[in-house]
Each structure stands twice: as structure tokens, then as C-alpha cells.
> 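Before I ask anything, here is the structure I am working with.
Counting starts at 1 for both ligands and their atoms, in listed order. Because the structure is predicted, anything quoted here is derived from the model rather than measured.
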Amino acid sequence: MRGAPTPLALIGLGSVGRRLALGWQRAGLRVAGHSPSSASRERARAEGLRVEDELAPALRGARCLVLCVGDVSLEQAATDVARALDPGQAPICLHTCGHRGVSALAPLAARGCPTGTFHPLAAFASEGPGPALAEAWCAIGGDASARAAASELARALGARTFALREGEDAALRYHTAAALLANGTVALTSIAMDLAREACSEPGAARDAFLALLKSTLANLERAAPERALTGPVSRGDAATVRAHLAGLANDPAASELYRQLSRRMLELARRDGRIDAEALRALQGLLSR
Ligand SMILES: NC(=O)c1ccc[n+]([C@@H]2O[C@H](COP(=O)([O-])OP(=O)(O)OC[C@H]3O[C@@H](n4cnc5c(N)ncnc54)[C@H](OP(=O)(O)O)[C@@H]3O)[C@@H](O)[C@H]2O)c1
């Protein structure tokens, strides 16, 4: 495929749909959007999108459509779209749900539409400008023509793509990893900030300081594999400090268990990297197995 498919229909103008639609519109594609609620439609219109009140006009003439609907509504939306297409119209159909493969678009495939997945691997909060799409990667899958369209759509945003293996299992595994990383980091940051707040006399500064720490860790991960990026007492084989940390968490069983679990992985990374000797390894294994 040469160039992104256009006209393009965006169904579901929530956090993801309206940001993608705007990105593609700014890239010069002809985009029409539709969303069931008037609130979402008005918001998207106010941001400068062409929005149709009904589904059928948004689909009319579309060569490609992207379903950006909530996960639980995906099958229903695919069924609705399949019914609303003009006779003989068989656009390339993509969805943005990370943990589903193409089977969610079965009603559209049954109408002869090429089907695929387009999952922007970025965090789209409901408020704010949204992630920098030009820095994002998008996971793509599906029929060859759907993958080609998804690649061109990513290129139009300045984003890069990587292919997923076929099948529902691959999509689920990929999305589990993505959710663990992105959302797990938020949860871990919140736990660390709670601990720090009790220790710092300037909680606001502590927040900024911890975010700067997170950025420096990310910079290490950008430069090197996790084995090499790891710092801290476990990576140094420092059992005394780990024992002191655990003693300090004695009244916080949840944080203590989390500390142990993550430290066991740190120990495995340090061992793989040949950074700690057998004696330190045994001492830390003993502390962390309890
Ligand atoms: N948020 C993220 O960070 C992120 C990142 C990558 C991928 N995704 C995936 O992208 C998809 C959309 O996520 P989101 O965060 O944009 O969710 P969202 O903000 O909740 O938006 C979902 C949209 O789906 C629309 N919708 C619901 N049922 C529909 C139906 N039957 N037909 C047409 N539209 C329907 C809703 O319309 P109304 O508002 O009009 O009711 C809503 O605007 C999900 O599959 C999600 O997993 C999310």
C-alpha cells in the first residue's frame, strides 16, 4: 500500500479515538468520526474534527475504519458497523484494543473486509493533550493488507510499528506485558511516594525528586539491558542494607511482600550479570525467601 488509506472513519471518540483522529486529520487524511454519545461528539467537534451524528454517514465512502471503542463494546460495535456499511463496501477494518486479535472483527471479516489490529502503545489519559504520537510505537496484526494499512497510518502520525504474532494468545500476552509495565510503574511510584512522604519534611520536593529518580532509571534502561541498568543494594550484594530495609517495612506487610518479590527478580538479574559472589547470593536468597 502506498500512503495511508483515506477516507478514514473513526468509530468511538474517547481518549484514544479523538487523539488518533486529530493526528490523522493534521497529517492531511480525510477523517470522519462518530461516537454514540452527544457529549463525545461535541467535544471532538470542538477540537476541530469532522463528526457525524449517525454511524452510516461516518462510514460512507471510507476505505478504512478504526474502531476505538471500549473493550467490552468491541464485538457490538463491529456488528453495528457491519450492518451499517453500504452494500459491497468492504473497507479495511482495524481496532485499537490491545488484548484482542482480529477475531473481535469477525462480523466485518464475514462481509469481506480485511481485518487487523492497530494498538498505539502509549498511555492516553482522558484529559490533557495525550501522548506524543510521533514518539509512539504501534503494535499491528491481521491480514497482510490490514497490516500494510496500519503501517501507513502509523507512518502518517510519525509513529513506528512492530508486528504481533497471529492469534488471540499473542495479543493477550503482549497486552499483559504492556499493562504490567505502564500501570505497574504508576502503582509502584505511588507506593514509593507514600513511603517517602512519611520521611520527607518537604513532600512536594520529594515528589519531584522521585520523578527525577525514575527518569534517571529510564535513561539507564534506554542505554542498557535490565541486567546492566540495575543499581541499588541487591545489585551490589549488600545483604545488610536489604535486611535493614525489610526491618523498616515490618509493619507494612503489603510493601514488604512487594519489596521481596521485586528484589528476587533483581537478584536474578544481578546473578545473570555475574555481579555478586556466591556468599552474597546465599545471604540475599535467605532474606528474600521469607
Ligand atoms: N487509554 C489508553 O491508554 C489506550 C491505549 C491504547 C489502546 N487503548 C484501547 O483503545 C480502545 C478505546 O480506549 P479509550 O481509552 O479511548 O476508551 P474510552 O475513552 O472509554 O472511549 C471509548 C469510546 O468507545 C465508544 N463506544 C462505546 N460503545 C460503542 C459502540 N457500541 N459503538 C461505537 N462507539 C462506542 C464510547 O463512545 P461515547 O463516549 O460516545 O459513549 C467512547 O467514546 C480500547 O480498546 C482500549 O483498550 C487504550
Side-chain angles (χ1 to χ4, degrees), residues 8-24 31-47 49-59 62 65-85 91 93-108 115-142 150 153-154 157 159-162 164 168 170-187:
L8 182 62
L10 262 286
I11 309 303
L13 299 172
S15 304
V16 173
R18 60 175 215 283
R19 265 62 166 267
L20 290 180
L22 274 173
W24 283 319
V31 181
H34 170 73
S35 210
S37 77
S38 57
S40 291
R41 295 197 300 271
E42 287 317 313
R43 180 175 183 169
R45 274 192 190 110
E47 290 177 355
L49 275 173
R50 187 192 133 203
V51 177
E52 300 288 353
D53 287 338
E54 303 297 329
L55 179 58
L59 300 175
L65 62 92
V66 186
L67 288 173
C68 304
V69 310
D71 298 348
V72 292
S73 310
L74 185 53
E75 258 97 359
Q76 184 58 54
T79 304
D80 295 345
V81 169
R83 285 198 192 116
L85 287 172
C93 299
L94 305 170
H95 75 69
T96 59
C97 174
H99 70 270
R100 298 295 309 274
V102 287
S103 71
L105 302 181
L108 291 155
T115 54
T117 57
F118 178 90
H119 183 250
L121 188 53
F124 293 72
S126 57
E127 300 304 323
L133 294 172
E135 289 164 23
W137 286 78
C138 302
I140 61 172
L153 287 171
L157 298 170
R160 286 169 286 181
T161 58
F162 62 103
L164 291 184
E168 296 294 319
L172 185 59
R173 194 173 178 85
Y174 150 77
H175 191 256
T176 305
L180 185 64
L181 178 66
N183 313 135
T185 301
V186 174

> Mind checking whether Gly98 has an N or O less than 3.5 Å away from an N or O of ligand 1?
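The answer is no, given that Gly98 and ligand 1 share no N or O pair closer than 3.5 Å.
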> If we only count heavy atoms from C-beta on, is the Leu20 to Leu157 side-chain gap below 4.5 Å?
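With C-beta onward as the side chain, the pair touches.
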> Rounded to the nearest 0.5 Å, how far does CZ of Phe124 lie from CG of Leu133?
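Answer rounded to 0.5 Å: 5.0 Å.
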> Which residue, Thr96, Leu108, Leu10, forms the side-chain contact (heavy atoms from CB on, under 4.5 Å) with Leu67?
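Result: among Thr96, Leu108, Leu10, Leu108 is the only option passing the side-chain contact (heavy atoms from CB on, under 4.5 Å) with Leu67.
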> With respect to atom 47 (O) of ligand 1, which of Val69, Asn183, Asp71 exhibits the smallest heavy-atom separation?
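Shortest heavy-atom distance from atom 47 (O) of ligand 1: Asp71.
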> Can you find a protein heavy atom under 4.0 Å from atom 32 (N) of ligand 1?
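It does: a protein heavy atom is found less than 4.0 Å away from atom 32 (N) of ligand 1.
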> Give yes if a backbone or side-chain nitrogen or oxygen of Gly70 is under 3.5 Å from a nitrogen or oxygen of ligand 1, and no if not.
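The answer is yes, given that Gly70 and ligand 1 share an N or O pair closer than 3.5 Å.
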> Could you establish whether Pro131 and ligand 1 come within less than 4.0 Å of each other, counting only heavy atoms on the residue side?
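Pro131 does not count as a contact of ligand 1 under the 4.0 Å cut-off.
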> Nearest 0.5 Å please: distance from the CG atom of Leu94 over to the CG atom of Leu105.
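Rounded to the nearest 0.5 Å, the CG-CG separation comes out at 8.0 Å.
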> Give me the residue, atom name and distance of the protein heavy atom closest to atom 1 (N) of ligand 1.
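So the nearest neighbour among protein heavy atoms is Phe124 O, 3.3 Å.
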> Are any of the side-chain nitrogens in Arg19 or Glu47 under 4.0 Å away from the carboxylate oxygens of its partner?
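No.
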> Which is closest to atom 27 (C) of ligand 1 in terms of heavy atoms, Ala182, Ala44, Ser73?
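Checking each option, the heavy atom nearest atom 27 (C) of ligand 1 is found in Ser73.
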> Tyr174 and His119: aromatic ring centres closer than 6.0 Å?
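Centroid separation for Tyr174 and His119: below 6.0 Å.
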> Do the side chains of Val81 and Cys93 get nearer than 4.5 Å, heavy atoms only?
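Answer no - side chains too far apart.
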> With a 4.0 Å cut-off, strictly under, does atom 20 (O) of ligand 1 pick up any protein heavy atom?
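It does not: no protein heavy atom is found less than 4.0 Å away from atom 20 (O) of ligand 1.
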> Where is the nearest protein heavy atom to atom 25 (C) of ligand 1: which residue, which atom, and how far?
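Among all protein heavy atoms, the one nearest atom 25 (C) of ligand 1 is Gly12 CA, 3.9 Å.
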> With side chains defined as the heavy atoms from C-beta onward, is the minimum distance between Asp71 and His99 less than 4.5 Å?
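Asp71 vs His99: side chains touch.
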> What residue and atom, counting heavy atoms only, is the protein's closest point to atom 9 (C) of ligand 1, and at what distance?
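Answer, as residue, atom name and distance: Thr96 O, 3.2 Å.
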> Who's the nearest protein heavy-atom neighbour of atom 5 (C) of ligand 1, and how far?
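Sorting protein heavy atoms by distance from atom 5 (C) of ligand 1 puts Ala122 O, 3.4 Å first.
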> At what distance is the nearest protein heavy atom to atom 23 (C) of ligand 1, and which residue and atom is it?
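Answer for atom 23 (C) of ligand 1: Cys68 O, 3.7 Å.
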> Report yes if some N/O of Ser35 lies less than 3.5 Å from some N/O of ligand 1; otherwise report no.
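So ligand 1 has an N or O lying under 3.5 Å from an N or O of Ser35.
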> Given Ile11 and Val66, is the side chain to side chain contact (heavy atoms under 4.5 Å, CB included) satisfied, shown in steps?
CA-CA 6 Å; Ile11 309 303; Val66 186; over 6 Å; no
> Looking only at distances, can you tell me whether any N or O atom of Pro36, backbone or side chain, sits closer than 3.5 Å to an N or O atom of ligand 1?
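Checking ligand 1 against Pro36, an N or O pair does fall under 3.5 Å apart.
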> Determine whether the aromatic ring centres of residues Trp137 and Phe118 are separated by less than 6.0 angstrom.
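Centroid separation for Phe118 and Trp137: 6.0 Å or greater.
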> Which heavy atom of the protein is the closest neighbour of atom 17 (O) of ligand 1, given with residue, atom name and distance?
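The closest one turns out to be Ser15 N, 4.6 Å.
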> Of all the atoms in ligand 1, which lie at a distance below 4.0 Å from a heavy atom belonging to Ile11?
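Those qualifying, in numeric order: 33 (C).
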> Could Glu127 and Arg43 be called an ion pair, given the rule that one side-chain N must be under 4.0 Å from one carboxylate O?
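Looking at Glu127 and Arg43, the cut-off is met.
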> Could you check atom 39 (O) of ligand 1 against the protein and tell me its nearest heavy-atom contact, residue, atom and distance included?
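The closest heavy atom on the protein side is Ser40 OG, 2.5 Å.
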> Does Gly14, backbone or side chain, put an N or O under 3.5 Å from an N or O of ligand 1?
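Yes, since at least one N or O of Gly14 sits under 3.5 Å from an N or O of ligand 1.
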> Which atoms from ligand 1 have a heavy atom of Ala123 less than 4.0 Å away?
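This gives 3 (O) as the contact atoms.
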> N/O of Pro120 under 3.5 Å from N/O of ligand 1, yes or no?
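No: no nitrogen or oxygen of Pro120 is under 3.5 Å from one in ligand 1.
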> Could you check Leu74, Val72, Asp80 and say which one makes a side-chain contact (heavy atoms from CB on, under 4.5 Å) with Gln76?
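Going through the options one by one, the only one that passes is Asp80.
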> Measuring from atom 8 (N) of ligand 1, which candidate in Val16, Val81, Leu74 has the nearest non-hydrogen atom?
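The nearest heavy atom belongs to Val16.
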> Are any of the heavy atoms in Ser126 under 4.0 Å away from ligand 1?
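For ligand 1, residue contact (heavy atoms, under 4.0 Å) with Ser126 is absent.
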> How about Arg173: does its CZ atom have over 12 heavy atoms from other parts shown lying under 6.0 Å from it?
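No, CZ of Arg173 has 12 or fewer neighbouring heavy atoms, counting only those of other groups under 6.0 Å.
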> So does Asp53 pair up with Arg41, basic N to acidic O under 4.0 Å?
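Salt bridge: yes.
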> So is His119 polar-close to ligand 1, meaning N/O to N/O under 3.5 Å?
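No; every N/O pair is 3.5 Å or more apart.
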